[in-house]
Undergrad: 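First, the structure itself, so that you have it in front of you.
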Amino acid sequence: MIASIIPLLRLPNNLNFFDYTIPSEMNIVVGSFVVVEFRNKKIIGLVHDLKQTSKIQKLKPISKVLDLPVPISNNQIKTLEQIADILHLSWPQTSDVFIPEFTLKKHQVSFKLPPKKEFQYRNFKLPVLTKSNFIEYQACNDKINLYIKLLKSLKREQQIFILCADKQSIQMISAYLLNYIDKKEIANIDSSLNKNQLTTYWQKIATGEIKLIIGTRRALFFPWHNLAYLIIDQASSEHHFQWDQKPRYHANEIAILIAHNHKANLIQVDCLPSPSVFLAIKEKNIKYLKLNADQARPLIDFIKMDTNGWLGYQIDQTIESALKSSQSVLILANRLHHSRLLYCLDCSHTLQCKDCQTQLNYDQTANKLVCANCLNTFTNPLMCPKCHSTKLQTKGLGIQKIQDQLIEKYPDKKVIIFDKENISNADIVIASQAILPHLDSFQFQSAIIPVIEQFLTPVDLNTNWEVNYLLHELATHQMKIIIQSFTENSAERNYYNSLVFLQNELHNRKLLNLPPVKSILKAIIKTKSKDSSVPKIATFTASIKKINDNIQISNAVPAKPFYKYGKYHHIVILKNISQSDIEKIMKMSYADIVFDTNPFKILN
């Protein structure tokens, strides 16, 4: 007997299955995991098919069958094939990405769960669900309450999988839900687990010992015993995208496929639907539900900056009030370092990056100039490189400058810049959006955005939606929020009229042939030098025109970051493109060109 094996390796697209003989003493079925010799190494493979003959003359025997209690099902193999088609990957590449690395040697395994957090559960009638739902919430407590209700509603041997956008959400949700389930019946799965832990969880999920699985996209392909609910927590978050490595994909798309194949109820949960989900709601492909719909939207104070700068009367009073009551304040900014730019007072020259001509930020701590686009650093000059004047001045409000001003204003208070590697409390915490997954670790009385315009630039596909989502996310934590702006803008109107905002977003995207109304394809073209990018982009453009001359091809623009891992990155956007055109392009072999279908961001 011969087994057709999928090696769990990242192999080229044209390599899929390899034949091995089955020793007579081995009991092997489709879906078994086996150890085989591949290119002089022992690797793990998945049995895809069993057959009597092979075209290959000399075949190696299977070395060992992995001691897993349940082989993966035909349903999972079918799902694996569908994922390979969606992502335009080979079977081995897909298996390597989604199937965890198993251990070949058994060791004693222990798991560390977070300490329990008290939660006051409020019983309520669960809304009628369809197979695909979006549930909007206005307070984090309402979301946790929903998860507890779903957990309590499980029948015997049923399971819930909560797909989280980040590790911090896993810890927060499990800390609350541990009050309502035995710790032996819960699995927290993320990239920090070792092979032994992953193998143990795989076995216990397959046999139904574990009922509640909370994990990042690392957990998507585990062997569900009887999946009742697949919940996508923070379904609109950009962190569900894998955009920094190949394959680039949206975990939600894979989760939707898995829920469908397992006949589970899909529940996307967030404080604001994404444009693509809103379009599906409009087309009645997703049922829209809202928790505590009779509650008014949490209030946000929108104010205009006065002549005294960002630290005006209302913000000052808010900080003073919090500090007097021994409570902490969050200052949220979207500019790292000290200042946005360095310029000459005599000739108005602005210092720019020599590689990408982006204005350089001033990093006061290192006393260097930093390019936010290609991450280059430069020595802080003593004089203007253009007119040689020594009158150089910083401009703009960065995190370091905010800290300096607050320390001067409140010298007896602890003012820190947030560091996710060393989380500590303070009277005033200054942070970028990197703090958002960690908000549960703090008890902020107030959150202040000194300059909302920082979050509205640079303009990208989802910029306005991202700002609206940021405001909704802050509001779910039930603290006083102040949003300050230089001039009147649409942030306030969009926040209080979110459904109208989403309608307008879809209308504008339809006019511009943009997702989710129309598909686009982003090509990231990498070259070792800037000069070599021009002929490579021209060759790529010519190949696209051969596929379909009607495809609209944008001019190439520098990506952000522009220079990364020793290569320059340019972005080309393809519009007026059909799904069949996308499939043809993705199947072609392009060296150092990566594709994103309907990307969340165009410039990154």
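Numbering of residues begins at 1 and proceeds along the displayed sequence.
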Undergrad: State whether the side chain of Y288 and the backbone N or O of K282 hold a donor-acceptor pair below 3.5 Å, judged by distance alone.
TA: no
Undergrad: Checking S498 now: which residues fulfil side chain to side chain contact (heavy atoms under 4.5 Å, CB included) with it, not counting sequence neighbours?
TA: L272, R297, N468, H472
Undergrad: So, the side chain of E136 versus the backbone of L291: is there a donor-acceptor pair under 3.5 Å, distance only?
TA: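 No, E136 side chain to L291 backbone: no donor-acceptor pair under 3.5 Å.
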Undergrad: Does the pair D233/K143 count as a salt bridge with the N-to-O cut at 4.0 Å?
TA: yes
Undergrad: Return the orientation label for the F418 and F442 ring planes: parallel under 30°, perpendicular over 60°, tilted otherwise.
TA: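 Ring orientation, 0 to 90° scale: perpendicular.
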Undergrad: Under the criterion side chain to side chain contact (heavy atoms under 4.5 Å, CB included), which of I213, I189, I258 is the partner of F222?
TA: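 Testing F222 for a side chain to side chain contact (heavy atoms under 4.5 Å, CB included) against I213, I189, I258 leaves exactly one candidate, I189.
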Undergrad: Decide whether N145 and Y137 meet the rule of one side-chain donor and one side-chain acceptor closer than 3.5 Å.
TA: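 Judged by distance alone, the side chains do not pair up.
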Undergrad: Have T130 and N133 got a donor and an acceptor in their side chains that come within less than 3.5 Å?
TA: yes
Undergrad: Nearest heavy-atom pair of R217 and A251: which atoms, and what distance?
TA: CB-CB, 3.8 Å
Undergrad: Between K601 and D460, is the closest basic N to carboxylate O distance under 4.0 Å?
TA: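 Salt bridge: no.
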Undergrad: I'd like to check the ring-ring contact (aromatic ring centres under 6.0 Å, His included) partners of Y590; sequence neighbours left out, ordered by chain and number.
TA: F540, F595
Undergrad: Is there side-chain contact between N265 and Y229, with heavy atoms separated by less than 4.5 Å?
TA: yes
Undergrad: Indicate the atoms forming the closest heavy-atom contact of F18 with L15, along with that distance.
TA: CZ-CB, 4.1 Å
Undergrad: Any donor-acceptor pair under 3.5 Å linking the side chain of H240 with the backbone of Q234?
TA: yes
Undergrad: By side chain to side chain donor-acceptor pair (under 3.5 Å), which residues pair with Q158, not counting sequence neighbours?
TA: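 None.
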Undergrad: How close do T216 and D166 get, counting heavy atoms only, and between which atoms?
TA: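 Where T216 meets D166 most closely, the heavy atoms are CG2-C, 4.0 Å.
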Undergrad: For the residue pair K42 / S63, report whether a side-chain donor-acceptor contact shorter than 3.5 Å exists.
TA: yes
Undergrad: Could you tell me which residues satisfy side chain to side chain donor-acceptor pair (under 3.5 Å) with S274, sequence neighbours excluded, listed by chain and number?
TA: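 Here the qualifying residues are S276.
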Undergrad: Has K152 got its NZ or CZ under 6.0 Å from the middle of the six-membered ring of Y121, at an angle within 45 degrees of the ring axis?
TA: yes
Undergrad: Kindly write out the residues that satisfy side chain to side chain contact (heavy atoms under 4.5 Å, CB included) with Q82, not counting sequence neighbours, or none if the list is empty.
TA: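 With sequence neighbours excluded, Q82 shows a side chain to side chain contact (heavy atoms under 4.5 Å, CB included) to K78, T79, L257, N261, given in chain and number order.
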Undergrad: Establish, from distance only, whether the side-chain atoms of N196 and T199 form a donor-acceptor pair under 3.5 Å.
TA: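 No, no side-chain donor-acceptor pair sits under 3.5 Å.
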Undergrad: The criterion is side chain to side chain contact (heavy atoms under 4.5 Å, CB included); which residues satisfy it with D182, sequence neighbours excluded?
TA: K184, E185
